There are 2 protein chains.
Amino acid sequence: MTAHGTPTDQAPHPRPVDADEPWMRGLHADTGYLLYRLGLRSGQLFNAALQESGLRLRHYALLRYLATVEGAPQRDLSERLGYDPSAIVGLVDDLERLHLVERRPAPADRRRRIVVLAEAGRTYLRDTDEASHRVTDELTGPLSEEERETLHALLLRVAQTDRG
Amino acid sequence: MTAHGTPTDQAPHPRPVDADEPWMRGLHADTGYLLYRLGLRSGQLFNAALQESGLRLRHYALLRYLATVEGAPQRDLSERLGYDPSAIVGLVDDLERLHLVERRPAPADRRRRIVVLAEAGRTYLRDTDEASHRVTDELTGPLSEEERETLHALLLRVAQTDRG
DNA sequence: GACCAATCGTTGTCGACGTCAATGGTTGTC
DNA sequence: GACAACCATTGACGTCGACAACGATTGGTC
């Protein structure tokens, strides 16, 4: 077993939160705490859905980013995804082991290693797209279509200025 | 050092996410992933804000719940907050060490230990209320007051059916 | 042309966290 | 009075994020 874990690790069981009680006024009054809570749950759901395919949310995010850029050095992956460079190493290791991704030497800089999406990786993304949507549907279940779009837009704006 | 850590642990540095780029259409298209991301960030901000007072988000959540019920056995804390019973032990240990909380024997059932908010705990909640609001303000910075309320309402509804 | 700071990927470490099994003490039940 | 169920607690294990340190490589500077 490598130090960074394997993509076949099982996802932890989610622990449901009872948020329908009067006491919650004191706890969930904070939007920040709500975000924290739902973020945990979202990660759990994503990992559970991805588990059958042998990957986790972080791998998936990396793959989806790669699908938009056609090759990036690990340094870029670190900055864009917000993961530590050392974390990228393990993720790329896992993905490369599954032949979803490939490390290529950068022609101009031998320090860099360009990570490119392999054909199997592209297929994987196509196949798991439906599962991804299913998770989002489960999360935003109680909301109407219009409300989901509103929520998404608001979260996006919060994320945009979410730096420094 | 105990096995469950101490309330004086330092909070990790947040790693900002660059979400203002075209590639993000492929990644942040998922509301679920957005929630996951913002949840992480929210937790980091909360822990950083609480750090000066020597506690972490989980302690804070426990305190705020206690403020609404006037005493609860640890079993209830576990179910209501969604933490494992073994996690509650450590949290209450920390809070009791700071005299913010008190363990009392349950009169009818000597297995149970009722955790009640001490006077210092109440004072602590009052004092840190402003810091909590500051975090939420920082998170929802780019939103107008009306949008914040919309976001909060939507998140609350998502959280309410967030069970099982 | 040789130092030298900066950069990149990598490894190892540490603390926080979630989960689970096992235990001692206690309760209620048959 | 035996026995299953419950409560708090302890311990073990694995994941995860953040960070320091290192070898290899680069680019700038004298």
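Keep in mind that what you see is a predicted model, and the values were worked out from it rather than measured. Lettering follows sequence order; numbering is per chain, from 1.
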Protein-nucleotide distance ([X], atom [atom1]; [N], atom [atom2]), rounded to Å:
X	N	atom1	atom2	value
L91(A)	dT10(C)	CG	P	12 Å
I88(A)	dC19(D)	CD1	C1'	15 Å
E79(A)	dG9(C)	CD	C1'	14 Å
D93(A)	dT10(C)	CG	C1'	9 Å
Y83(A)	dT10(C)	OH	P	18 Å
D84(B)	dA21(C)	CG	C1'	11 Å
L55(B)	dC17(C)	CG	P	12 Å
L57(A)	dT15(D)	CG	C1'	14 Å

Review point. Taking OP1 and OP2 of dT10(C), is either one under 4.0 Å from a side-chain nitrogen or oxygen of R113(A)?
Key: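 Answer is yes, contact under 4.0 Å.
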Review point. Looking only at side-chain N and O atoms, does R75(A) come under 4.0 Å of OP1 or OP2 in dT26(D)?
Key: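 Negative; the distance criterion is not met.
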Output yes when [X] and [Y] qualify as a salt bridge under the 4.0 Å nitrogen-oxygen rule, no when they do not.
X	Y	answer
D94(B)	R97(B)	yes
R134(B)	E138(B)	no
R104(B)	E102(B)	yes

Practice item. Determine whether the side chains of E147(B) and T150(B) contain a donor N or O and an acceptor N or O closer than 3.5 Å. Key: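 Absent: no donor and acceptor within the cut-off.
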**Study point:** Separation between OH of Y83(A) and CG of L62(A), rounded to the nearest 0.5 Å
**Key:**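 Separation between the atoms: 8.0 Å.
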Review point. Mapping R103(A) and L40(A) onto DNA chain C by nearest heavy atom, which one lands closer to the 5' end?
Key: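 Looking at the nearest nucleotide for each, R103(A) comes out on the 5' side.
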Point to revise | Minimum-distance nucleotide to P73(A) side chain [options: dC17(C), dG9(C), dT9(D)] | key: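 Taking heavy atoms from C-beta onward, the closest nucleotide is dG9(C).
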Review point. Looking at dT11(C), dA8(D), dT10(C), which one has an atom nearest to any side-chain atom of Q74(A)?
Key: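 Selected nucleotide: dT10(C).
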Study note, to complete from the structure: Its contact letters, B for base, S for sugar-phosphate only and - for none at protein heavy atoms under 4.0 Å, make nucleotides 24-30 of chain C read -BBS---
Review point. When the ring planes of Y60(A) and Y124(A) are compared, do they come out parallel, tilted or perpendicular, using 30° and 60° as the limits?
Key: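 Plane angle over 60°, so perpendicular.
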Point to revise | Results of salt bridge (charged side-chain N to carboxylate O under 4.0 Å, His left out) for E96(A) - residues two or more places apart only | key: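 Per chain and number, E96(A) pairs via salt bridge (charged side-chain N to carboxylate O under 4.0 Å, His left out) with R103(A).
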Check your understanding: When we call it a touch if two heavy atoms are under 4.0 Å apart, what does Y36(A) touch: a base, just sugar-phosphate, or nothing?
Key ->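 No contact.
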